[in-house]
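Following: one structure in structure tokens, then a few remarks.
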Amino acid sequence: MELYFNRPMPHGGRLVERVLKDKKAAKKIVQACEKAGAVYDIKPTLHYKRGTPVRNVYREIMSVCYGFFSPVEGSMTSAELESVLSKRRLLSGWVFPYPILFDISKEDYQKLGVDAGDRLLLRLKGKPFAILDIEEVYEIDPAELADRTFGTPETNPEVVKEKFDDKHPGWVIYRSHQPIILAGKFTIINEPIFKPPFDRFWIPPRKCREIFDERGWRTAIAHQTRNVPHVGHEMLMKAAAFTGDVEPCHGILVNAIIGVKRRGDYPDEAILEAHDMVNKAGYIKPNRHLVSFTLWDMRYGNPLESLLHGIIRQNMGCTHHMFGRDHAAVGEYYDKFATQILWLKGIPSYGFDKPPTEVEGGLQIRPQNMREFWYCPKCKEMAYSENCGHDKEKQKLSGSLIRGLVAEGVQPPAIIMRPEVFKTIVKWWKKFNYPFVNEKYVQYKEETLEVDVPDID
Amino acid sequence: MEYILEVFLDDYRLAKLKGTPVEANIEAVFGGELKVVRVKVGEEVKNDILKAFETARIDSRACITDTPVAFKRALFEEIVNQKSLGEEVVKAVLANIDKIKELAAKEAEYLPAPEIETE
């Protein structure tokens, strides 16, 4: 019997790293593309009805090129897209849940005049950023793409409860895609520079694995977040980390998803710093707790999103991943335990007749399915729902409950939110004049992004 | 199914409820550190609220959350007016939905931050 768990290999066998560091070579590429007129300024994806930003493809290019989405190397071809939509597998056979597409409008396509075999320079904030080596150009129907990406109650009866619509932010992202897809590999040729506070938490997979080595973390459990942590989250992290091999996990990797969010979520800056405050204030020792992020405009696809999370965190070197109820969910589209069903027994209609760790091309990261923590006035502690027998007395806490308190200017009691975490929320509240994501913040984020792009000279 | 609207009470609000029949329904939660009253509503009123406010959602406790502060203030005032925690207080608030939406639109731009040290 193996006593120790080894760090899993990257998904697909190797980390994708498509970042050109040679400035001279990059300049030559830029010149060649400019000469050929093959230059495209990245635009945000706008809501197909309202025109507000819902996605910026630069985040996907970053996540692909720095290896978070390994083994994906670029925008998917039509065959790969079909494979992902019908089987949740890449053409290579490796599991992958979502279409990754570089989409442009018909007008832009006509203006560009590029085709398969061409190289396209992608500019971000007006500066050279990446290239796309075009393998195929094809057209999609965004409405069909959105429906097939998430499924329907008829096609995925095990877990889909309601038809997806424009109240679902992930469905809206795919519905708002432009119809022309340029498929091919991305390469970053001019590395963006992260702005504070993002710069402190940018830990791509290779770097993350190095940090695990330095810290001596044989086992590490990933915590998915898109929220500031309340004490329930903290307890979830601490308790889930008791799994491991012969001893509890050596480390907890908090990996926040940074990108366009729902109105009412917390600003990205507050999420990262608030999680960091958990270790700075000593609620979890800093040498066992690491805060990081992935760039991704969240699709809120519950079990599908959990697959992407598993892939990202396996690539980062985690041995375990905690999954709670309503994982990466919004509304009542999915069964509340859809993610846990997937990782416990599979969801055949999504291509998993077994858990994703047991199928061919599957993942190696181990799921740690958790229920919830509530405050028990009888136990006088934050209690685990499956342990605490005081069902009648339980007091459930939720992010929404705390948001309600925050909005009314009531400081949440320390028993449900650490005062240091609340102070961090207020710090960013003062900066943005608002505690949560609103239209103004979404516009601000789209204009400024998380990065600046340096001159290539 | 029953859904819940929670109204948290600070000292000012507690004073307003003192001596009313609602006072007996004040609950202390989280180790006594928070005081709250709860209004229960049915499916129809829940749907009206979700329709009225884009941010509104149902949390894991079947509570309707993320409604605008203006809505919560109006709800509290109506509880004081009617001295009741029945569904009728919510219906009365929803009768003035346009005014609340107007206030909510302003509050979507700006909410004053609490005056606490953050450094």
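For the numbers below, each heavy atom of this structure counts, side chains included, while hydrogens, waters and symmetry mates do not. Protein chains get the first letters and strands the later ones, always in sequence-line order, with residue 1 at the start of each. Here the structure is a predicted model, which means the values were calculated and not measured.
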(request) Please round to the nearest 0.5 Å and tell me the distance separating atom CZ of A:F436 and atom CG of B:D66. (result) 7.0 Å

(request) Tell me, yes or no, whether the heavy-atom count around A:K195 atom NZ, taken from other residues, nucleotides or ligands under 6.0 Å, exceeds 12. (result) yes

(request) Kindly give the heavy-atom pair with the smallest separation between B:R61 and A:L397, and that separation in Å. (result) CD-N, 4.4 Å

(request) Check each atom of B:I58 against the heavy atoms of chain A and say whether the ones under 4.5 Å are side chain, backbone, both or neither. (result) side chain

(request) Could you tell me which of A:G264, A:A407, A:G404, A:P377 has the largest number of non-hydrogen atom pairs under 4.5 Å with chain B? (result) A:A407

(message) Please report the interatomic distance CD1(A:I402) to CG(B:D59), rounded to the nearest 0.5 Å.
(response) 10.5 Å

(request) Name the region of A:I425, side chain, backbone, both or neither, that has any atom closer than 4.5 Å to a heavy atom of chain B. (result) neither

(message) What residues of residues 19-49 of chain B make heavy-atom contacts with chain A at a cutoff under 4.5 angstrom?
(response) B:A28, B:V29, B:F30, B:G31, B:E33, B:L34

(request) With chain A as the partner chain, list the residues of residues 87-110 of chain B whose heavy atoms fall under 4.5 Å from it, by residue number, and write 'none' if nothing qualifies. (result) B:E107, B:A108, B:E109, B:Y110

(request) Under 4.5 Å, counting heavy-atom pairs only, tell me which of A:R325, A:K380, A:K336 racks up the most with chain B. (result) A:R325

(request) Begin from the C-alpha positions of B:D10 and A:E408 and carry the test side-chain contact (heavy atoms from CB on, under 4.5 Å) through to its verdict. (result) CA-CA 10 Å; B:D10 55 14; A:E408 291 196 73; over 6 Å; no

(message) Below 4.5 Å, heavy-atom pairs only: which of A:R262, A:Q411, A:E420, A:M382 has the largest tally toward chain B?
(response) A:R262

(request) Please look at B:P68 and chain A and tell me whether the side chain, the backbone, both or neither of the residue comes under 4.5 angstrom of a heavy atom of that chain. (result) neither

(request) Measure distances from A:D326 to the heavy atoms of chain B and classify the residue's part below 4.5 Å as side chain, backbone, both or neither. (result) neither

(request) Report the option among A:K167, A:K427, A:R403 that has the most heavy-atom pairs separated by less than 4.5 Å from atoms of chain B. (result) A:R403

